[in-house]
Amino acid sequence: MTCKDCIHYDVCHRRINSIDFLPVINGKIGKLPVMFKNCVDVDIHCVHFKEKSRFIELPCKEGENLYYISNENWIGCFLNVSFETILMCVSAYQNGKIKFMATKREKAEAKLKEM
């Protein structure tokens, strides 16, 4: 893994001289700020490393309305969604059962017209 594989990369590479982002090696904070841009094991050396591929951005917050376009081209809605419903929709999106998700009906209608 390299720094570019981390969710903190956009912040961290700008703060190279910050004490918060100094690498921790063998349990001790390094004296000199070192970026692991060319290092293949940054996930071992940096305590702040979080792999980007393990995170997803959810389409809405819990309690919001979630509008979606099905693979059959109709708009559906879940009102006041729970976290479980959000995860179910993300799974359906990944499996191709849902084409698009939005928190505003207008966005879903506009996307449907584009399709």
Side-chain angles (χ1 to χ4, degrees):
M1 299 286 163
T2 67
C3 284
K4 290 186 178 187
D5 298 317
C6 180
I7 63 168
H8 301 116
Y9 177 75
D10 290 335
V11 176
C12 184
H13 81 280
R14 290 188 186 101
R15 296 179 63 197
I16 193 166
N17 294 318
S18 170
I19 190 71
D20 295 336
F21 286 86
L22 289 177
V24 174
I25 300 172
N26 297 327
K28 297 180 181 178
I29 295 178
K31 301 273 187 207
L32 298 172
V34 177
M35 289 301 284
F36 297 103
K37 289 180 185 174
N38 298 319
C39 185
V40 293
D41 57 356
V42 66
D43 51 322
I44 297 168
H45 296 296
C46 181
V47 295
H48 302 289
F49 182 83
K50 300 277 188 242
E51 189 179 344
K52 283 182 187 179
S53 66
R54 298 192 61 172
F55 290 84
I56 60 168
E57 185 174 347
L58 299 177
C60 66
K61 295 178 187 173
E62 192 172 25
E64 290 183 325
N65 296 340
L66 180 62
Y67 297 90
Y68 63 92
I69 299 174
S70 73
N71 62 353
E72 298 160 351
N73 290 333
W74 49 269
I75 295 176
C77 178
F78 289 106
L79 301 174
N80 194 23
V81 294
S82 65
F83 184 69
E84 291 80 13
T85 303
I86 296 170
L87 292 179
M88 179 193 70
C89 288
V90 169
S91 177
Y93 179 78
Q94 291 174 336
N95 293 327
K97 296 178 181 176
I98 292 178
K99 293 181 178 180
F100 180 77
M101 292 179 281
T103 55
K104 304 275 186 213
R105 182 171 184 85
E106 297 79 24
K107 287 184 180 180
E109 288 172 346
K111 186 68 173 180
L112 185 59
K113 286 179 185 176
E114 287 178 19
M115 293 180 166

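Sequence positions, counted from 1, serve as the residue numbers for this chain.
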message: Looking at every non-hydrogen atom in both residues, tell me the closest pair between Pro59 and Thr103 and how far apart they are.
response: O-CG2, 3.6 Å

field: Where Tyr67 and Cys77 come nearest, the two heavy atoms and their spacing
entry: CE2-SG, 3.4 Å

query: What is the distance from atom CE of Met88 to atom CZ of Phe83, rounded to the nearest 0.5 Å?
result: 13.0 Å

Counterpart residues, side-chain contact (heavy atoms from CB on, under 4.5 Å), relative to Lys107 (two or more places apart): Ala102, Lys104

task: Would you mind checking if Glu64 and Lys61 are paired as a salt bridge, meaning a charged N to carboxylate O distance below 4.0 Å?
output: no

- request: Identify, with sequence neighbours excluded, every residue that meets side chain to side chain donor-acceptor pair (under 3.5 Å) alongside Glu72.
  value: Trp74

- request: For Ile69 and Ala108, work out which heavy atoms get closest and say how close.
  value: CD1-O, 3.3 Å

task: Under 4.5 Å between side-chain heavy atoms, chaining through other members, with only Ile, Leu, Val, Met, Phe, Trp and Tyr counted: pull out the rest of the cluster around Ile7, sorted by chain and number.
output: Phe55

Let me check something: any side-chain donor-acceptor pairs from residues 89-100 under 3.5 Å, sequence neighbours excluded? List them with distances.
unit_1, atom_1, unit_2, atom_2, d
Asn95, ND2, Ser91, O, 3.1
Lys99, NZ, Asn73, OD1, 2.7

field: All side chain to side chain donor-acceptor pair (under 3.5 Å) counterparts of Glu62, not counting sequence neighbours
entry: none

message: One pair to check against salt bridge (charged side-chain N to carboxylate O under 4.0 Å, His left out): Glu51 and Arg54. What are the steps and the verdict?
response: CA-CA 6 Å; Glu51 189 179 344; Arg54 298 192 61 172; 5.4 Å; no

- request: Locate the shortest heavy-atom distance separating Asn65 from Leu79; write the atom from each residue and the value.
  value: OD1-CA, 3.3 Å

message: Please enumerate all residues that pass salt bridge (Lys or Arg N to Asp or Glu O under 4.0 Å) together with Glu57, with sequence neighbours excluded.
response: none

message: With side chain to side chain contact (heavy atoms under 4.5 Å, CB included) as the criterion, how do Asp5 and Ser53 come out once you've worked through the C-alpha distance, each side chain's angles and the decisive distance to 0.1 Å?
response: CA-CA 8 Å; Asp5 298 317; Ser53 66; over 6 Å; no

Lys113 with Glu109: basic N within carboxylate O range, under 4.0 Å: no

task: Establish whether Ile75 and Leu66 are linked, either directly or via other cluster members, by ILVMFWY side-chain heavy-atom contacts under 4.5 Å.
output: no

